[in-house]
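Here the structure is laid out as structure tokens; the discussion comes afterwards.
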Number of protein chains: 2
Amino acid sequence: MRRMTARPGNAHQARLLKLLRDGGPNSRAQLGDQVDLSRSKLAVEVDRLLETGLVVADGLAASRGGRRSHNIRLNPELRFLGVDIGATSVDVAVTNAELETLGHINHPMDVREGPVAVFEQVLAMAAKLRASGLAEGFDGAGIGVPGPVRFPEGIPVAPPIMPGWDGFPVREALSQELGCPVMVDNDVNLMAMGEQHAGVARTVPDFLCVKIGTGIGCGIVVGGEVYRGTTGSAGDIGHIQAVPDGRPCACGNRGCLEAHFSGAALARDALEAAQQGLSAELASRLETNGDLTAVDVAAAAAAGDATALELIREGGNRTGQVIAGLVSFFNPGLVVIGGGVTGLGHTLLAAIRTQVYRQSLPLATGNLPIVLGELGPAAGVIGAARLISDHLFSPA
Amino acid sequence: MRRMTARPGNAHQARLLKLLRDGGPNSRAQLGDQVDLSRSKLAVEVDRLLETGLVVADGLAASRGGRRSHNIRLNPELRFLGVDIGATSVDVAVTNAELETLGHINHPMDVREGPVAVFEQVLAMAAKLRASGLAEGFDGAGIGVPGPVRFPEGIPVAPPIMPGWDGFPVREALSQELGCPVMVDNDVNLMAMGEQHAGVARTVPDFLCVKIGTGIGCGIVVGGEVYRGTTGSAGDIGHIQAVPDGRPCACGNRGCLEAHFSGAALARDALEAAQQGLSAELASRLETNGDLTAVDVAAAAAAGDATALELIREGGNRTGQVIAGLVSFFNPGLVVIGGGVTGLGHTLLAAIRTQVYRQSLPLATGNLPIVLGELGPAAGVIGAARLISDHLFSPA
DNA sequence: GCGCCTTTGTCCTCTGAGTGGAAAAAGTAG
DNA sequence: CTACTTTTTCCACTCAGAGGACAAAGGCGC
């Protein structure tokens, strides 16, 4: 199949495409109920979309009491690629135009190996998905990277944990390799978009999405749109001071949140506890695996290990303290907690909630849900697909 | 003169009104250069505005090499009332439609006397301005109050320092009394709008405006628009924890920023220092006035008093620490410091800058100006006038 | 099977917004 | 006074979009 290159010709068409993406197949009449256009105008715009091939007719819809209508849907052959480059692994998924995940694979990989090695891996994974018959090609791709991005150009800027990526033209390079439009964003922003599109944040215009993985970041959504800040580094909360004169951090300061709680910090604390003989559970795991990660701490906590629980609780308290400040400042309608350490689950959530509800004013917390993300590792790739579809479904 | 009641009939007219407000009198041709409309269309819309009486013809403009053009300007008889209700005083100003301040008066008043008493005062001040010939009546009024506001209805909600105001229909009541449209907002948001309209933030789309007065608050501007949060309490940073297990605060927690630095905290610290004999300068002022306020501390600092300087420096450090966190999170293009304590001037600013530049990542601070507000006490009332003019100059 | 009603889709006309060119009006420069 | 600019008005033309009429297609009661 020849890949689609068309874009909506005006705002109405863009609106219709997004309705079909978010609501699935629809009849002309149902669309008409949602867009406040005259039937004639609607018919004209739908016909134009059919001509471009972006949408196709799809049989007859059920009768609503009169003549049955013809269904319209986004071209089922359209394919988006969602790529989520994490600090220690890469997720790649294929979706259709309705952003349903058709295939999703994960591969461990250290982002510090640099853009060339990582993209080789990404392209191999994309090829694998294509080979398995899920796609013949891609109409667009969204890429998430674990650091700040100059969004319009799709270029990472001064990413602390991605040496070698600074200034690398990710968007340009991947667009060339994949032969399709590409958009690049911070992985945390994509997680927020994922949860907004298909997760817990579907109906909330203003919310925060805190991702706790190797590092800590926060996606900020204002009025339904991701807010990226003046230089693209908004949401970089890992280096907010959580403990005055606390632990030294890689950034050069002391007491950063990330130095006290994150996947990396948790692993280090667990190792220390195991070596000091504070936890039999962790020590035995250390012996078995030769190393400890956040996953081991989660498992130990699930097994009732007091030391592991305490580590999680203390980390949750620190994180909750920082989030409490952000809640006072930003007054969100929802806080989503996600990322690798969500395996820590409700112990972590409870600690965070306690701090936030205690430290922020009632007006801001009164009706504020603090919840775990619904989509897990899929949030990033769904958000990536959403990013590129938002781009392609906007007037050129 | 009969007060204006017309509103722009469409987005083009609204655009033109705002251009005339922000750019002063303009010829049709100059307007045409800015709005990307055909000459014919522009002429039609200008004619309609002339019919409504919102704008008037205003003589001939200078020649640009050919036929001289007729100037168009906002009706010079239009008057807006800007009201800034602070914790301890009330500011009221009259502006023309171009938001130039024609008269500005201030009166000490404790907001805790309640809405009825305060509005009596406000109305008396408005009457005084009217009596002095500055206005025959008002076409709209903007009101700032020192607490969170449910913006669409113009009603304060759960304001901590304004007992008796909770749920009081400020917008409704004042609209009735003044006989013109009224909009109500948080005083900090209005300060931000004031600095955006006529102060240091004219060209910055995303910035923070920190107001340090009796309390501490922060106006948040995203994409040129004030962000108010889900329940209208965004920017309420006075109760972010600045000192773990620090001083008890009126809100019930400990270590809130406001408990450690604000006009009230500073006065209390100064009193303590004077009584303990730590500062001869402050002690003598205490004896003279019978009490100490932030103004005394500022004066003592200006006179070189070490204790006063230290108080300011320490407060600046605390504030800077909190702002550093907000800068990491929000990545603004500018931070404006304003409010009653700006008299503390550069000692305060230096302390804040030091903390922010030290604690936030270079990407966020690299090109981040941190400056004092330009407008002083006028920021609030100009912001208030701007608020109501934005409202009235939008399509009905 | 048959009429009657409802819903859907198409066609056609009408309106009003907006564009762009021509020309008139009002200047300046020499 | 003449040649050239700029501003303003006027007018014919285009085009998006609304809304009504009507045909097509189906459900439902009899």
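Chain letters run A, B, ... following the sequence lines, proteins first and then strands; every chain starts at 1.
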Quiz item: Between the side chains of B:Ser69 and B:Arg28, does any donor sit under 3.5 Å from an acceptor?
Solution: no

Quiz item: Is there a donor-acceptor contact under 3.5 Å linking the side chains of A:Glu45 and A:Asn10?
Solution: yes

Exercise. Give, ordered by number, those residues of residues 6-17 of chain A having at least one heavy-atom distance below 4.0 Å to an atom of DNA chain C; if nothing qualifies, reply none.
Key: none

Practice problem: Between B:Ala43 and A:Arg48, name the one whose nearest nucleotide on DNA chain D is closer to the 5' end. | Solution: B:Ala43

Separation of [X] atom [atom1] from [N] atom [atom2], in whole Å?
X: B:Glu45; N: D:dT9; atom1: CD; atom2: C1'; result: 16 Å
X: A:Asp47; N: C:dG9; atom1: CG; atom2: C1'; result: 10 Å
X: A:Leu31; N: C:dT7; atom1: CG; atom2: C1'; result: 16 Å
X: A:Leu37; N: D:dA16; atom1: CG; atom2: P; result: 14 Å
X: B:Leu42; N: D:dC10; atom1: CG; atom2: C1'; result: 15 Å
X: A:Leu60; N: D:dG27; atom1: CG; atom2: P; result: 11 Å
X: A:Leu50; N: C:dT10; atom1: CG; atom2: P; result: 10 Å

When you compare the protein's N or O atoms with those of nucleotides 4-7 of chain D, which come within less than 3.5 Å of each other, and at what distance?
from	atom 1	to	atom 2	distance (Å)
D:dT6	O2	B:Arg67	N	3.2
D:dT7	OP1	B:Arg64	NE	2.9
D:dT7	OP1	B:Arg64	NH2	3.0
D:dT7	O2	B:Arg67	NH1	3.0

Exercise. Any chance you could lay out the ring pair (Phe, Tyr, Trp, His ring centres under 6.0 Å) test for B:Phe330 and A:Tyr227, step after step, and finish with the verdict?
Key: CA-CA 9 Å; B:Phe330 186 72; A:Tyr227 171 77; 4.8 Å; yes

Self-check item: Crowding at CG, B:Asp33 (>12 non-hydrogen neighbours, <6.0 Å)
Solution: yes

Practice problem: Compare the minimum distances between each of D:dT9, C:dC11, D:dA21 and the side chain of A:Arg39, then state the nucleotide with the smallest one. | Solution: D:dA21

Practice problem: For B:Thr230 and A:Asn331, indicate whether the former's side chain and the latter's backbone hold a donor-acceptor pair under 3.5 Å. | Solution: yes

Quiz item: Rounded to the nearest 0.5 Å, what separation is found between the CZ atom of B:Arg386 and the CD1 atom of B:Ile388?
Solution: 13.0 Å

Exercise. Indicate yes or no: does A:Arg228 engage B:Asp206 in a salt bridge with an N to O separation below 4.0 Å.
Key: no

Quiz prompt | SB check B:Arg79 B:Glu136 (cutoff 4.0 Å) | solution = no

Quiz prompt | Test item: A:Glu98 and A:Leu74 side chains (from C-beta on) under 4.5 Å apart, heavy atoms | solution = yes

